[in-house]
Amino acid sequence: MPLYDARSSERDACGIGFVADSSGRASRPVVEAALDALCRVKHRGAVAADERTGDGAGLLLPIPPDVAPAGRGVAMAFLDPAAVAAGRAAIEDGCAAEGLAVEGWREVPVDPAALGEQARATAPAIWQAVLGPARARDPERAAYRARRRAQRLASERGLTLSIASCSFRTVTYKALCAADQLAHFYPDLDDPACEAWFALFHQRYSTNTAPAWERAQPFRLLAHNGEINTIRGNLAAMQARAAAA
């Protein structure tokens, strides 16, 4: 028997990584290194028949100063293009309930040409809510509760709403695209002024659930490298069902 058995040693999973400056100094090279590394794990995800729609990819990084001034928070929201005003109202109401004020809205610049046909057909309207300074002792807790309230309100009002991140520290840029298209889709990430002292990147490997905008990663605090041993698991499941066939 060979030392390596592909069936028992399979390790199919997402492609993830982390880049940081150990001294905590924000710089453009950190963002560029994360984007370059993300491109190098493109093979960990699949591409649809349109050759452009991927399983999903993204970056989680500190809020860039060009997006919101220091002390402000940002909610990265995926809204229903047909109900943007209603979706924004749900977020504003959720924030107000937690003592957070939405100081303004920013429509995130995007380039749909970077997406495949399937991704464009399901693309949300992407907006950032800039949150004023939190009066709460724990701003992150307030932001978490505001997000949960907003999503519950949206559900009660029959709205489609996904909040990719809501924080006073970080923001998540993700899309239903291949890894090497993320910076093309979000000009914010391609802007030389976009600097960070760390970046968490993720190329999703979608197996047990269909690719979708809200399922792209990183999530709000982490990147989940799950669905390990998928091929072996599927093989075992089929073998277990063979007797009933």
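Each of I163 and L61 belongs to its own hydrophobic cluster when Ile, Leu, Val, Met, Phe, Trp and Tyr are linked at side-chain heavy-atom distances under 4.5 angstrom. If you chain together hydrophobic residues whose side chains sit under 4.5 Å apart, V67 and V110 fall into the same group. No continuous path of ILVMFWY side-chain contacts below 4.5 Å connects L115 to L79, so the two sit in separate hydrophobic clusters. Under the 4.5 Å side-chain heavy-atom criterion for grouping Ile, Leu, Val, Met, Phe, Trp and Tyr, I63 is connected to I126 within one hydrophobic cluster. In the hydrophobic clustering of ILVMFWY residues, with side-chain heavy atoms under 4.5 Å counting as a link, L35 and Y186 come out together.
A164 and F78 make their closest contact through CB-CZ, 4.4 Å (heavy atoms, listed as atom of the first residue, atom of the second, distance). Residues P62 and A196 approach most closely at CD-CB, 3.8 Å, considering heavy atoms. The heavy-atom pair separating P139 from A134 by the smallest distance is CB-CB, 3.8 Å. Across every non-hydrogen atom of A34 and A199, the tightest pair is CB-CB, 3.6 Å. Scanning all heavy atoms of the two residues, the minimum distance from A175 to L182 falls at N-CD1, 4.1 Å. Across all their heavy atoms, A90 and L159 have their closest contact at CB-CD1, 4.5 Å.
Using a 3.5 Å distance cut-off with no hydrogens or angles, the side chains of S23 and R25 do pair a donor with an acceptor. Residues T122 and W213 have side chains that bring a donor and an acceptor to within less than 3.5 angstrom of each other.
Side-chain N or O atoms of R28 include one that pairs as donor or acceptor with a backbone N or O of C194 at under 3.5 Å. Remark: the backbone N or O of T172 is paired with a side-chain donor or acceptor of S165 at under 3.5 angstrom. Listed for the K174 side chain is a donor-acceptor partner under 3.5 Å among the backbone atoms of E214.
Salt bridge status for R40 with D180: absent, with no side-chain N to carboxylate O gap under 4.0 Å. With respect to the salt-bridge test (charged N to carboxylate O, under 4.0 angstrom), the residues E98 and R145 qualify.
In summary, of the residues considered (V74, V102, I91), a side-chain contact (heavy atoms from CB on, under 4.5 Å) with L131 occurs for V102 alone.
Between R72 and P133 there is a side-chain heavy-atom pair separated by less than 4.5 Å. L38 is listed as a side-chain neighbour of L59, based on a closest heavy-atom distance under 4.5 Å. For the pair F198 and D21, the minimum side-chain heavy-atom distance is 4.5 Å or more. Side-chain contact between L100 and F168: present, with at least one pair of heavy atoms (C-beta onward) separated by less than 4.5 Å.
Note that SG of C39 is 10.0 Å distant from CD of Q203, once rounded to the nearest 0.5 Å. To the nearest 0.5 Å, atom CZ of residue F185 and atom CG of residue D190 are 13.5 Å apart. A distance of 12.5 Å separates CZ in R120 from SG in C177, rounded to the nearest 0.5 Å. Distance CG/D80 to CG/L161: 9.5 Å, rounded to 0.5 Å. Residue S167 holds its OG atom at 13.0 Å from CE of M76, rounded to the nearest 0.5 Å.
Residue Y144 qualifies as open at atom OH: its count of foreign heavy atoms under 6.0 Å is 12 or below. For R148, the CZ atom counts as loosely surrounded, since its 6.0 Å shell holds 12 or fewer non-hydrogen atoms of other residues, nucleotides or ligands. For R169, the CZ atom sits in a loose shell: 12 or fewer heavy atoms of surrounding residues, nucleotides or ligands are nearer than 6.0 Å.
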Test log, rule salt bridge (Lys or Arg N to Asp or Glu O under 4.0 Å), inputs D93 and R152: CA-CA 11 Å; D93 291 345; R152 185 177 64 186; over 6 Å; no
Y173 and V108: CA distance, side-chain angles, deciding distance, side chain to side chain contact (heavy atoms under 4.5 Å, CB included) verdict: CA-CA 10 Å; Y173 282 86; V108 181; 4.2 Å; yes
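Remark: R106 is not positioned above the aromatic ring of W127, lacking an NZ or CZ atom under 6.0 angstrom from the ring centre and at most 45 degrees off the axis.
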